[in-house]
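The structure under discussion appears below in the form of structure tokens.
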Amino acid sequence: MSSHPIDATSTSAWQDLSAHEAELHADLRGWFAADPARAERLSFPLADLHVDLSKNLVTDETLALLVRLADEVGLSDRLQAQLRGDHINVTEDRAVLHTALRRPAGASPALVVDGQDVDADVQAELTKMFAFADRVRSGGWTGVTGERVRTVVNIGIGGSDLGPVMAYEALKPYVQDGLEVRFVSNIDPTDLAEKVKGLDPRTTLFIVASKTFGTLETLTNARLARDWLWRELGTEDTDEARNAAVAQHFVAVSTALDKVAAFGIDPANAFGFWDWVGGRYSVDSVIGTSLAIAIGPDAFREFLAGFHAVDTHVATTPFAQNVPVLMGLLNVWYVNFLGAHTHAVLPYAQYLHRFPAYLQQLTMESNGKSVRWDGSPVTTQTGEVFWGEPGTNGQHAFYQLIHQGTRLIPSDFIAVANPAHPLKDGETDVHGLFLANFFAQTKALAFGKTADEVRAEGTAEDIVPARVFSGNRPTTSILAPSLTPSVLGQLIALYEHITFVQGVVWGIDSFDQWGVELGKKLALEIAPAVEGDTSALDAQDPSTKALIAKYLELRG
Ligand code: F6P
């Protein structure tokens, strides 16, 4: 592999895409009218998912040029490099092997990276996590008073929170009766205080989830939780009682088992993973211990199988039919050629209500970069803002802007055919009504409503412009049979690979996150000033100093 990324803007495909864009007059109405097979031709299977790309602002020529772009930037080589464990996370000199986390047991040939049998390591840790999950689920694992666990509290932030909480919410119907998981992430003490409210310490298990075991928020919350436990159990007085409480009510998930021990958690009660798993790519590692407890090992294995099905698709399907590759390339098309700044993800499935938040870390921490992986400046715009809310809530909030605003907002609509709760309103199947909205929105966005159509409804002429919908607002529709653990794994893996494809085109390292470091460091430097240390306060810039002084005044 070359030690420099190929500059996408210097490829002939890029030049051809620019010329093509200048001549392209997006006309979804016309394109569908002239080509009745468009929907079928531009819809693709991806494991259990049906993905319809036909309402995107592309012709067959656009897609062919985008696929050529993928070829010219060496996407195939880069993908193989990732899958085999090359150190493509160059700024941290690490392999990027989240795909190894979901390889099936006994996969052949074994994946050996840097001399280590990765498959064996992954299976060993999964076996350990599943055995623990079974003990908690069966009541075999108890607290110090001998009572079984009823509530698991996951303490983590970023990738050690967003994945587990999103998946737990998504898979609620699979959660064992009598078990609940809560999630504490924010260092705002309100978060911990609210999450332990009403809990019985005798039946509460804390999981401290931190890849590095050095994250300020997580370690602070873990100490607050430990204090709460000791206080509520009445085990504050002796070291023995305190240690016994921690041993039965705290486990950890980390790559830094030495730091776990320093915190007071027995490494025997810790589950490990590896530096080649990025935090935002870790929900399918032991970072998902809370989820494994909630839904059980069998469902967790199905979850992993869903990821793997998409990994297999990505690795083996020609780019012209390769769904994550096409969706990643479409995003490049919108960002770099059509000027999109943001991308909406709109799940028509209430259980996916945290999916957009999860994707924000996955996509924006990965692709929010201004230099390429060799340190040179990027030559194009990079990561777009991902955002969204579940339908139909979003419809009554921000869809106005997507339909009639001045900005282009490519949107992914995600729905499941079979609901967990097939409720009826009289004779009406409410899920059907819900999905009628899903179909209606993508239709309205694509085809709009002309002035003549508005007039034909008898609208007064001066109101007509306000009631016109331009159409040609691009959407992708993703339809799944139902929200199973496997389908959730498929959806996550789909977006992981989309993110990867975009990163390769832009030549960036999608697996580091240096952009979060400066703020963390400054917070530690500023903390003494906030505590009233005047020399630390004096060392601040005038605005920060004045703000802290105002804060101290308000605190009295
Ligand atoms: O600050 C960003 C980050 O490093 C994320 O990438 C990561 O998911 C999160 O912090 C939490 O890190 P850790 O799991 O090491 O506590």
Side-chain angles (χ1 to χ4, degrees), residues 88-98 101 125 129 153-168 183-188 191-192 206-226 250-263 265 267 270-291 354-355 357-369 383 386 492 495-496 499-500 503 508-527:
I88 64 163
N89 177 355
V90 287
T91 72
E92 297 178 306
D93 192 17
R94 289 176 184 168
V96 174
L97 276 175
H98 46 278
L101 296 169
E125 217 54 38
M129 176 179 79
V153 180
N154 187 81
I155 302 175
I157 196 164
S160 301
D161 168 71
L162 288 162
V165 70
M166 178 277 289
Y168 173 74
F183 296 86
V184 177
S185 53
N186 202 334
I187 197 170
D188 181 339
D191 199 9
L192 188 278
F206 292 97
I207 300 177
V208 186
S210 175
K211 177 176 166 178
T212 55
F213 226 78
T215 303
L216 179 69
E217 290 88 340
T218 300
L219 294 188
T220 305
N221 277 324
R223 282 190 294 271
L224 292 179
R226 196 174 55 179
F250 271 82
V251 297
V253 177
S254 187
T255 58
L257 297 183
D258 49 335
K259 293 185 185 160
V260 170
F263 183 84
I265 298 175
F271 307 97
F273 61 116
W274 308 272
D275 69 1
W276 42 257
V277 184
R280 53 196 176 273
Y281 297 87
S282 67
V283 62
D284 47 342
S285 73
V286 293
I287 282 290
T289 298
S290 55
L291 179 69
R354 293 294 290 164
F355 194 56
Y358 169 78
L359 290 184
Q360 289 188 322
Q361 187 199 15
L362 174 64
T363 59
M364 298 203 276
E365 204 170 75
S366 295
N367 285 341
K369 312 282 165 70
F386 277 76
I492 299 170
Y495 282 91
E496 287 177 349
T499 304
F500 178 79
I508 59 185
D509 182 343
S510 297
F511 302 98
D512 62 11
Q513 57 285 317
W514 298 106
V516 295
E517 292 305 319
L518 177 60
K520 282 187 195 173
K521 184 166 170 280
L522 290 181
L524 290 176
E525 283 172 22
I526 287 173

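All ligand and atom numbering here is 1-based and tracks the order in the structure.
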- Query: For Y168, which residues count as a ring pair (Phe, Tyr, Trp, His ring centres under 6.0 Å) partner, sequence neighbours excluded?
  - Reply: F183

Pick out the protein N or O atoms lying less than 3.5 Å from any N or O of ligand 1, and list each pair with its distance.
residue, atom, partner, partner atom, Å
ligand 1, 1 (O), K520, NZ, 3.1
ligand 1, 6 (O), E365, OE1, 2.7
ligand 1, 8 (O), G159, N, 2.7
ligand 1, 8 (O), Q361, NE2, 3.1
ligand 1, 14 (O), S160, OG, 2.6
ligand 1, 14 (O), K211, N, 2.7
ligand 1, 15 (O), S210, OG, 3.4
ligand 1, 15 (O), K211, N, 3.3
ligand 1, 15 (O), T212, N, 2.8
ligand 1, 15 (O), T212, OG1, 2.6
ligand 1, 15 (O), T215, OG1, 3.4
ligand 1, 16 (O), S210, OG, 2.6
ligand 1, 16 (O), T215, OG1, 2.5

Ignoring hydrogens and angles, write down the donor-acceptor pairs under 3.5 Å from the side chains of residues 270-277, residues two or more places apart or on other chains.
none

- Pair K521 + E517, salt bridge at N-O below 4.0 Å: no

- By ring pair (Phe, Tyr, Trp, His ring centres under 6.0 Å), F386 pairs with (sequence neighbours left out) H343

- Query: More than 12 heavy atoms of other residues, nucleotides or ligands under 6.0 Å from CZ of R94: is that the case?
  - Reply: yes

- Can you label the angle between the F206 ring and the F250 ring as parallel, tilted or perpendicular, going by 30° and 60°? parallel

